[in-house]
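Data block below; observations after.
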Amino acid sequence: MAKDQLQVLNALDVAKTQLYHFTAIVIAGMGFFTDAYDLFCISLVTKLLGRIYYHHHENAPKPGILPPPIAAAVNGVAFVGTLSGQLFFGWLGDKLGRKKVYGMTLMLMVICSIASGLSFGKTPNGVITTLCFFRFWLGFGIGGDYPLSATIMSEYANKKTRGAFIAAVFAMQGFGILTGGIVALIVAGAFKNAYPSPIYSVNPKDSTPPEADYVWRIIVMFGAIPALLTYYWRMKMPETARYTALVAKNAEKAAADMSKVLNVEIEVETNKVEEKRHDFGLFTKEFLRRHGLHLLGTTSTWFLLDIAFYSQNLFQKDIFSKIGWIPHPETMNALDEVFKIAKAQTLIALCSTVPGYWFTVAFIDKMGRFAIQLMGFFFMTVFMFALAIPYNHWTQKENRIGFVIMYSLTFFFANFGPNATTFVVPAEIFPARLRSTCHGISAAAGKAGAIVGAFGFLYAAQSTDPLKVDAGYPTGIGVKNALIVLGCVNLLGMLFTFLVPESKGKSLEEMSKENEGEEENYEKDTKAENAQTIPL
């Protein structure tokens with residue numbers, strides 16, 4: 001296949017790791033830092049929103065909480081926006097080019113982060129409605145960052161370390177989650193010291209000082225800062241050579257752009273570009289035959305992963321409360337509750353989430369995507385069942401630390417596993433003219449799973465005892481059974497992983513078959529690939 005490779009693409013494939021690689025990681029990665037911060041910071045403040053806006057009875061035994069439909073909307077509306085943005089901007093990135101669309105998504109994230117914190121209204125429902133409106137459009141911008149960042153990084157990288165570079169962009173999610181916890185700790189701690197308040201059981205009204213309304217707004221708006229700092233550098237990035245040469249068919253510009261980036265002379269091969277005529281579209285039999293199973297593999301695994309991953313992330317505060325690691329809300333004031341939730345989530349991020357991402361970066365080009373994804377799903381299944389089956393054992397006070405450790409390990413193997421690989425693989429295995437679209441479809445399937453997790457777990461984890469459910473909720477299946485369901489979801493993810501091909505050490509054109517001119521070669525390679533990756 002090498003004989004058909006454009007020189008500009010070959011130069012990218014064999015380029016040594018240079019400063020521009022790290023620059024691209026930082027520029028794309030700061031978008032993901034903001035993505036994760038904005039998506040997950042809301043879980044730090046939902047309890048506070050309930051205390052501020054939905055505490056209707058002074059003598060209620062517990063603080064106010066968000067009513068079930070509103071809690072579901074606050075937690076899930078950004079995911080609906082993200083899903084929409086992934087599909088729209090993924091398609092647009094293939095139509096207009098990666099660079100032209102890249103700045104749009106970032107500015108949308110900046111504007112809507114700030115606007116979310118400025119949500120006002122005459123009634124509690126008015127405030128929450130405004131917040132949900134802006135979080136939908138925030139999610140829309142975040143959604144565009146998924147296919148564009150992955151595609152840009154994959155098309156800039158060399159084939160030897162491409163997996164690590166794409167995974168490093170995604171790993172900035174871990175720092176976004178961690179920073180969300182740290183910012184909440186700092187803001188809640190500062191306000192707690194400045195405005196001391198009694199605990200709820202002593203004085204329900206004064207346990208939530210009026211100044212607490214600033215806390216959630218500051219936490220939500222902080223996400224705009226890192227995104228804003230990288231906007232200029234995103235606009236300075238040249239269009240990727242693969243888009244310019246293979247989609248826009250402008251070999252001269254591709255060679256000129258990459259000559260500057262790589263500091264080498266690259267020959268212009270206009271004739272070779274014109275000879276490449278694989279023009280089949282997404283909704284064609286040819287795409288279905290070549291990449292149908294691959295797209296099924298990337299969408300199904302990402303869907304199943306995100307059901308479990310987002311359930312765990314968004315509702316870990318509820319799980320920790322139920323096992324007693326976070327005190328009962330009536331024993332804390334509003335700011336103390338935010339502080340303790342942030343502390344728990346920061347510890348989880350620091351000890352398991354962040355290390356898991358960077359283990360993937362370190363090993364993905366050694367172990368391969370397939371092995372890491374399979375291993376991750378396997379251990380997520382094992383640890384989820386280990387938590388669920390003896391659940392009553394873990395709720396005992398002396399065993400709570402063991403529960404937290406086991407729970408942390410599920411996060412570690414999600415990130416040193418399918419949470420990273422499901423992001424990497426769709427950016428490598430599809431043709432350049434459909435790469436961003438297919439990544440967007442795969443990511444949107446993931447967000448559909450996140451919506452199932454965000455809405456479903458909220459209700460499913462409620463107690464089976466009507467006397468123990470949170471106000472306004474119907475009885476659920478309980479945390480134990482909810483964790484068993486998540487374990488089964490992880491097991492399904494492990495099975496669907498066998499549909500995903502291994503892309504370690506191969507060029508993007510080799511994976512997508514864009515260099516092949518003969519049908520026989522394609523058939524031969526496909527049979528060999530299937531024999532290797534689908535041993536069922």
For Asp365 and Lys504: C-alpha separation, side-chain torsions, deciding distance, then whether salt bridge (Lys or Arg N to Asp or Glu O under 4.0 Å) applies.
CA-CA 6 Å; Asp365 288 312; Lys504 181 183 77 170; over 6 Å; no
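- Atom OG of residue Ser154 and atom CD1 of residue Ile429 lie 11.5 Å apart, to the nearest 0.5 angstrom.
- For Phe32 and Phe175, the gap between ring centers reaches or exceeds 6.0 Å.
- A donor-acceptor distance shorter than 3.5 angstrom exists from the side chain of Gln86 to the backbone of Ala444, with no hydrogens or angles considered.
- One side chain, Ser149 or Tyr102, offers a donor N or O that lies under 3.5 Å from an acceptor on the other.
- Smallest separation of non-hydrogen atoms from Val500 and Thr298: CG2-N, 4.2 Å.
- The CD1 atom of Ile27 sits 10.5 Å away from the CG atom of Leu106 when rounded to the nearest 0.5 Å.
- In this structure the side chain of Asn490 never reaches within 4.5 angstrom of the side chain of Leu304, judged on heavy atoms.
- The salt bridge (Lys or Arg N to Asp or Glu O under 4.0 Å) contacts involving residues 141-166 comprise Arg98-Glu155, Asp145-Arg234, Glu155-Arg435, Arg162-Glu428, where partners must be two or more places apart or lie in separate chains.
- Ring planes of Phe423 and Phe170: parallel class, angle under 30° (limits at 30 and 60°).
- Checked by atom type, the side-chain pair Thr244/Glu239 shows no donor-acceptor distance below 3.5 Å.
- Looking at Leu178 and Thr353, their side chains never come closer than 4.5 Å, going by heavy atoms from C-beta outward.
- Using modelled atom types and a 3.5 Å distance limit, the side chains of Asn419 and Tyr357 yield a donor-acceptor pair.
- Judged purely by distance below 3.5 Å, without hydrogens or angles, the side chains of Asp38 and Ser113 pair a donor atom with an acceptor atom.
- Rounded to the nearest 0.5 angstrom, Leu492 CG and Thr497 OG1 are separated by 10.5 Å.
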How far apart are the C-alpha atoms of Phe134 and Ile111, what are their side-chain angles, what is the distance that settles it, and do they pass the side chain to side chain contact (heavy atoms under 4.5 Å, CB included) test?
CA-CA 9 Å; Phe134 286 117; Ile111 292 166; over 6 Å; no
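- Within the model, atoms CD1 of Ile166 and CD1 of Ile364 stand 7.5 Å from one another, a figure rounded to the nearest 0.5 Å.
- No donor-acceptor pair closer than 3.5 Å links the side chain of Ser300 to the backbone N or O of Phe496.
- Ring centroids of Phe140 and Phe89 are separated by less than 6.0 Å, placing the two rings close together.
- To the nearest 0.5 Å, atom CZ of residue Phe136 and atom CG of residue Leu131 are 14.0 Å apart.
- Distance alone, capped at 3.5 Å, is enough to place a donor-acceptor pair between the Lys366 side chain and the Ala362 backbone.
- Between Asp94 and Thr437, the side chains place a donor N or O and an acceptor N or O closer than 3.5 Å (distance only, hydrogens not considered).
- Side-chain contact check for Pro238 versus Tyr156: some heavy-atom pair is nearer than 4.5 Å.
- Between Thr422 and Asp306 there is no side-chain heavy-atom pair separated by less than 4.5 Å.
- Heavy-atom minimum distance, Ser507 versus Asp13: CB-OD2, 3.2 Å.
- Counting only distance, with no hydrogens or angles, the side chain of Thr230 and the backbone of Ala227 share a donor-acceptor pair below 3.5 Å.
- Ring centers of Phe498 and Phe370: under 6.0 Å apart, within the cut-off.
- For the pair Leu108/Leu138, no side-chain contact is recorded, criterion being any heavy-atom separation below 4.5 Å from C-beta on.
- Going from atom OG1 of Thr179 over to atom CE of Met172 covers 8.0 Å, rounded to the nearest 0.5 Å.
- Using cut-offs of 30° and 60° for the angle between ring planes, the Phe309 and Phe411 rings count as perpendicular.
- Nearest heavy-atom pair across Ala254 and Val8 is O-CG2, 3.7 Å.
- Closest heavy-atom contact between Cys41 and Ile219: CB-CG2, 4.2 Å.
- Between Arg242 and Glu509 there is a salt bridge, since a side-chain N of the basic residue sits under 4.0 Å from a carboxylate O of the acidic one.
- Contact detail for Pro226 and Gly223: the closest heavy-atom pair is CD-O, 3.5 Å.
- At least one side-chain heavy atom of Pro418 sits less than 4.5 Å from a side-chain heavy atom of Met380.
- Between Phe412 and Phe359, the ring center distance clears the sub-6.0 Å criterion.
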Steps toward side chain to side chain contact (heavy atoms under 4.5 Å, CB included) verdict (Leu305, Thr301)
CA-CA 6 Å; Leu305 163 78; Thr301 52; over 6 Å; no
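- Formation of a donor-acceptor pair under 3.5 Å by the Thr161 side chain with backbone atoms of Ala164 is not found in this model.
- Ring pair Phe430/His291: centre-to-centre distance below 6.0 Å.
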Step-by-step side chain to side chain contact (heavy atoms under 4.5 Å, CB included) determination, Met221 to Ser116:
CA-CA 7 Å; Met221 285 195 287; Ser116 294; over 6 Å; no
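- Checked by atom type, the side-chain pair Lys447/Tyr310 shows a donor-acceptor distance below 3.5 Å.
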Leu295 and Ser442: CA distance, side-chain angles, deciding distance, side chain to side chain contact (heavy atoms under 4.5 Å, CB included) verdict:
CA-CA 7 Å; Leu295 189 59; Ser442 302; 3.9 Å; yes
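- Contact annotation: the side chain of Cys438 never approaches that of Pro426 to less than 4.5 Å [non-hydrogen atoms, C-beta and beyond].
- Looking only at distances, a side-chain donor or acceptor of Glu502 sits under 3.5 Å from a matching main-chain atom of Arg369.
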Stepwise ring-ring contact (aromatic ring centres under 6.0 Å, His included) test for Phe287 and Phe283
CA-CA 7 Å; Phe287 177 86; Phe283 301 105; 8.4 Å; no
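- Residue Arg290 comes nearest to Glu286 through the heavy atom pair NE-OE2, 2.7 Å, listed as atom of the first residue, atom of the second, then distance.
- With hydrogens and angles ignored, the 3.5 Å screen pairs a side-chain donor or acceptor of Lys99 with a backbone N or O of Met237.
- Proximity of Thr17 to Phe165: side-chain heavy atoms (C-beta onward) are separated by under 4.5 Å at one or more points.
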